Visitor: 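Please read through the structure below; I'll follow up with questions.
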Amino acid sequence: MPRTYAHGIGGGTFLIGGGFDPDRSPDGNSLILYGPEGAFVIDTGRHAEHLTLIKQGLSGIGMTPVAIVNTHWHLDHVSGNPGLKAAFPDIKVYGTSAIDGALTGFLAESAEASRRALAEGSVPVGAAADIEADLATIARGAELRPDIVIDESRDMAIAGRPLSLRVAHRAVTERDLWIYDAAEKRAIVGDLVTVPVPFLDTACPEGWLKALDEVAASGAEQVVPGHGPIMDIAAFDNWKTAFADFIACARGPGALEACSAGWLKGAARWIGPDTSRAEAIAVYYGELIRSGKLDGYCSA
Ligand SMILES: [Zn+2]
């Protein structure tokens with residue numbers, strides 16, 4: 001998907017499309033919304049280029065951001081937080097406290113693995129810069145944490161704009177935030193919906209399915225995913241069915257190749273003609289599910 005510089009999607013809302021270039025780590029989608037008291041940003045990407053697009057979008061609408069809302073702690077959604085806070089010191093960050101466990105768990109362990117791989121020289125040349133940037137972000141992990149913790153669903157106004165913040169427990173991460181904008185009948189769901197594959201690294205598949213049911217029941221007519229283009233509700237239903245089928249297949253006894261083939265077919269419209277990357281990642285996640293490695297994310 002080409003990067004879009006603050007593309008207006010109606011209702012005082014602008015989308016900055018994330019990217020997933022070959023050999024690089026992804027940026028999640030970001031949004032800029034505004035209300036009577038200023039603008040706010042939903043998710044801040046990973047790369048410096050993405051942060052630049054957010055800043056350009058903000059100056060384009062001529063409003064000062066008062067808040068960041070993070071859907072979850074993955075680095076392709078929070079890495080721009082410190083840069084945006086430095087530029088706009090009054091910003092308050094809203095998010096769940098799940099990042100606290102991640103900083104001492106998943107992120108600490110992945111930083112350790114990355115340092116080892118860099119030292120051994122086993123990192124592809126093209127990937128080293130992204131890995132070093134992620135290490136620098138993790139080292140500043142405390143600056144990624146929310147100022148205002150939202151660990152249970154609640155309706156509230158941000159920048160004077162009423163929104164429903166919904167917390168999904170044990171879905172993509174231990175706690176994910178998604179936003180229902182009732183005035184626009186729009187659900188901004190973070191990585192509860194992603195293309196070209198569902199990013200299952202820290203997920204409880206069954207909790208994720210439950211969260212998708214809640215999105216479907218929200219009244220949304222439009223879904224903004226964490227990665228990929230905006231979906232109408234029929235497209236979201238198709239994505240949800242493909243996801244449910246993939247999980248059921250990976251939990252079942254059949255060949256994992258059939259599970260990834262099923263995903264490529266069910267999600268074909270979002271993958272495009274070159275399916276090799278999506279296929280490789282789907283096989284990887286199929287193995288993660290089947291091996292039971294994700295089951296720890298489902299238990300309290
Ligand atoms: Zn993401």
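Along the sequence shown, the residues carry numbers beginning at 1. No experiment lies behind these values; they were computed from the predicted model shown.
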Visitor: Would you call R161-D181 a salt bridge at under 4.0 Å N-O?
Guide: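 Judged by the 4.0 Å cut-off on N to carboxylate O distance, R161 and D181 do form a salt bridge.
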Visitor: Measure the CG-CD1 distance between L144 and I68 for me, rounded to the nearest 0.5 Å.
Guide: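 One gets 10.0 Å once the value is rounded to the nearest 0.5 Å.
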Visitor: On a heavy-atom basis, which atom in F40 and which in I158 lie closest, and how many Å separate them?
Guide: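 Between these two residues, the closest heavy atoms are CE2-O, 3.5 Å.
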Visitor: Side chains of S164 and R166: do they bring a donor and an acceptor to under 3.5 Å?
Guide: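 Yes, side-chain donor-acceptor contact under 3.5 Å.
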Visitor: Any non-hydrogen side-chain atom of P196 less than 4.5 Å from a side-chain atom of W270?
Guide: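 The answer is no; the side chains never approach within 4.5 Å.
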Visitor: I want to check something: taking the side chain as every heavy atom from C-beta on, are M156 and L165 in contact at a cut-off of under 4.5 Å?
Guide: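 Yes - at least one pair of side-chain heavy atoms lies under 4.5 Å apart.
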Visitor: Check whether L288 and I247 end up in the same hydrophobic cluster, where Ile, Leu, Val, Met, Phe, Trp and Tyr are linked by side-chain heavy atoms less than 4.5 Å apart.
Guide: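 Yes; I247 is reachable from L288 via cluster members.
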Visitor: Any sub-3.5 Å donor-acceptor pair from S153's side-chain atoms to V167's backbone N or O?
Guide: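 Yes, the answer is positive, given that a donor and an acceptor are paired below the 3.5 Å cut-off.
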Visitor: Give me the atom names and distance for the closest heavy-atom approach of A211 to L192.
Guide: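 Smallest heavy-atom distance, with atoms named: CB-CD2, 3.8 Å.
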Visitor: To check you understand the geometry: which heavy-atom pair defines the closest contact between T64 and F88, and what is its length?
Guide: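 Shortest heavy-atom contact: CG2-CD2, 4.0 Å.
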Visitor: Which atom names give the shortest non-hydrogen contact between A220 and A187, and what distance separates them?
Guide: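 Heavy-atom minimum between the residues: CB-CB, 3.8 Å.
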Visitor: Apply side chain to side chain contact (heavy atoms under 4.5 Å, CB included) to W208 and Y297, showing your working.
Guide: CA-CA 11 Å; W208 188 331; Y297 292 114; over 6 Å; no
Visitor: Can you list the steps and then say if D232 with V223 is a side chain to side chain contact (heavy atoms under 4.5 Å, CB included)?
Guide: CA-CA 6 Å; D232 63 22; V223 173; over 6 Å; no
Visitor: Could you verify whether a donor N or O on one side chain and an acceptor N or O on the other, from T173 and D176, lie under 3.5 Å apart?
Guide: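 Yes, a side-chain donor-acceptor pair sits under 3.5 Å.
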Visitor: Rounded to the nearest 0.5 Å, how far does CG of L212 lie from CH2 of W178?
Guide: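 W178 atom CH2 to L212 atom CG measures 9.5 Å (nearest 0.5 Å).
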Visitor: Take I131 and L118 through the test side chain to side chain contact (heavy atoms under 4.5 Å, CB included) and record every step on the way to the result.
Guide: CA-CA 9 Å; I131 289 174; L118 286 169; 4.0 Å; yes
Visitor: Quick one: CZ on R175 to CG on D100, what's the gap to the nearest 0.5 Å?
Guide: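 CG of D100 is found 8.5 Å from CZ of R175.
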Visitor: Testing the 3.5 Å rule here: is there a donor-acceptor pair between the side chains of H72 and T202?
Guide: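 T202 and H72 do not have a side-chain donor-acceptor pair below 3.5 Å.
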Visitor: Look at the side chain of S79 and the backbone N and O of L75, then say whether any donor-acceptor pair between them is shorter than 3.5 Å.
Guide: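 At least one qualifying donor-acceptor pair exists.
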Visitor: For D147, is there an ion pair with K85 - N to carboxylate O distance below 4.0 angstrom?
Guide: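 Yes, this pair counts.
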Visitor: Hydrophobic cluster membership, with links at side-chain heavy-atom distances under 4.5 Å among I/L/V/M/F/W/Y: are L256 and L200 in one?
Guide: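 Per the 4.5 Å side-chain linkage, L256 and L200 are not co-clustered.
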Visitor: Run the side chain to side chain contact (heavy atoms under 4.5 Å, CB included) check on S97 and I150 step by step: do they pass?
Guide: CA-CA 7 Å; S97 64; I150 308 287; over 6 Å; no
Visitor: Search all heavy atoms of G83 against all heavy atoms of L51 and return the closest pair with its distance.
Guide: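 Between these two residues, the closest heavy atoms are CA-CD2, 4.0 Å.
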Visitor: We want to know whether H77 and T44 form a side-chain donor-acceptor pair, criterion being a heavy-atom distance below 3.5 angstrom.
Guide: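 No - no donor-acceptor pair under 3.5 Å links their side chains.
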Visitor: Would you say N70's side chain and V93's backbone share a donor-acceptor pair under 3.5 angstrom?
Guide: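 The answer is no, because no donor-acceptor pair under 3.5 Å joins these two groups.
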Visitor: When you compare the side chain of V78 with that of H74, does any pair of heavy atoms fall below 4.5 Å?
Guide: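 Counting from C-beta outward, H74 and V78 never come under 4.5 Å.
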Visitor: State, with a plain yes or no, whether a side-chain heavy atom of I32 is found less than 4.5 Å away from one of I42.
Guide: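 Result no, sub-4.5 Å side-chain heavy-atom pair not found.
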Visitor: Report yes or no: do L103 and W73 belong to one cluster of Ile/Leu/Val/Met/Phe/Trp/Tyr joined by side chain heavy-atom distances under 4.5 Å?
Guide: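 In one cluster: yes.
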Visitor: Do the charged groups of R24 and E49 touch, with an N to O distance under 4.0 Å?
Guide: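 The answer is yes: the pair qualifies as a salt bridge.
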Visitor: When you compare the side chain of F20 with that of D27, does any pair of heavy atoms fall below 4.5 Å?
Guide: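 No, too far: nothing below the 4.5 Å cut-off.
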Visitor: Without swapping roles, check the side chain of S276 against the backbone of D274 for a donor-acceptor pair under 3.5 Å.
Guide: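 The answer is no, because no donor-acceptor pair under 3.5 Å joins these two groups.
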Visitor: Answer yes when R170 and E174 have at least one side-chain N-carboxylate O distance shorter than 4.0 Å, and no when they do not.
Guide: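 Answer for the salt bridge query: yes.
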Visitor: Please tell me whether V123 and Y284 are part of a single hydrophobic cluster in this structure, the criterion being side-chain heavy atoms less than 4.5 Å apart.
Guide: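 Each belongs to a different hydrophobic cluster.
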Visitor: As an exercise, state the distance from NE2 of H7 to CG of L31, rounded to the nearest 0.5 Å.
Guide: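 Separation between the atoms: 10.5 Å.
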Visitor: Please round to the nearest 0.5 Å and tell me the distance separating atom CD1 of I281 and atom CH2 of W263.
Guide: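 Reported to 0.5 Å precision, the distance equals 11.0 Å.
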Visitor: Are any of the side-chain heavy atoms of D201 and V172 separated by less than 4.5 Å?
Guide: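 Answer no - side chains too far apart.
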Visitor: For P225 and N29, which heavy atoms make the closest approach, and how far apart are they?
Guide: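 In terms of heavy atoms, the two residues are closest at O-ND2, 2.9 Å.
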Visitor: Going by heavy atoms in the side chains, are Y180 and K185 under 4.5 Å from each other?
Guide: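 Yes, at least one pair of side-chain atoms sits under 4.5 Å.
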Visitor: Counting only N and O atoms by type, is there a donor-acceptor contact under 3.5 Å from the side chain of T52 to the main-chain atoms of A48?
Guide: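 Yes: the side chain of T52 pairs with the backbone of A48.
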Visitor: Quick one: does any side-chain atom of T194 pair with a main-chain N or O of D191 as donor and acceptor, under 3.5 Å?
Guide: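 No; judged by distance alone, with no hydrogens or angles, the pair does not exist.
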Visitor: Between H47 and D130, do the side chains contain a donor N or O and an acceptor N or O under 3.5 Å apart?
Guide: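 A donor-acceptor contact under 3.5 Å links the two side chains.
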Visitor: For R269, is the CZ atom crowded, meaning more than 12 foreign heavy atoms sit under 6.0 Å from it?
Guide: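 More than 12 heavy atoms, drawn from other residues, nucleotides or ligands, come within 6.0 Å of this atom.
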Visitor: Does the side chain of Q222 come within less than 4.5 Å of I230's, by heavy atoms?
Guide: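 Yes, side chains in contact.
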Visitor: For the atom pair CD1 (I188) and CG (D43), what is the distance rounded to the nearest 0.5 Å?
Guide: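 Reported to 0.5 Å precision, the distance equals 10.0 Å.
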Visitor: Less than 6.0 angstrom from the centroid, inside 45 degrees of the normal: does R290 satisfy that with respect to the ring of Y285?
Guide: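 No, R290 does not lie over the aromatic ring of Y285.
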Visitor: Honestly curious: do L264 and W239 fall in one hydrophobic cluster under the side-chain, below-4.5 Å linking rule?
Guide: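 They do share one cluster, since a chain of ILVMFWY contacts under 4.5 Å joins L264 to W239.
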Visitor: I'd like to know if the side chain of H227 pairs up with that of D76 as donor and acceptor (distance under 3.5 Å, no hydrogens or angles considered).
Guide: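 Yes, side-chain donor-acceptor contact under 3.5 Å.
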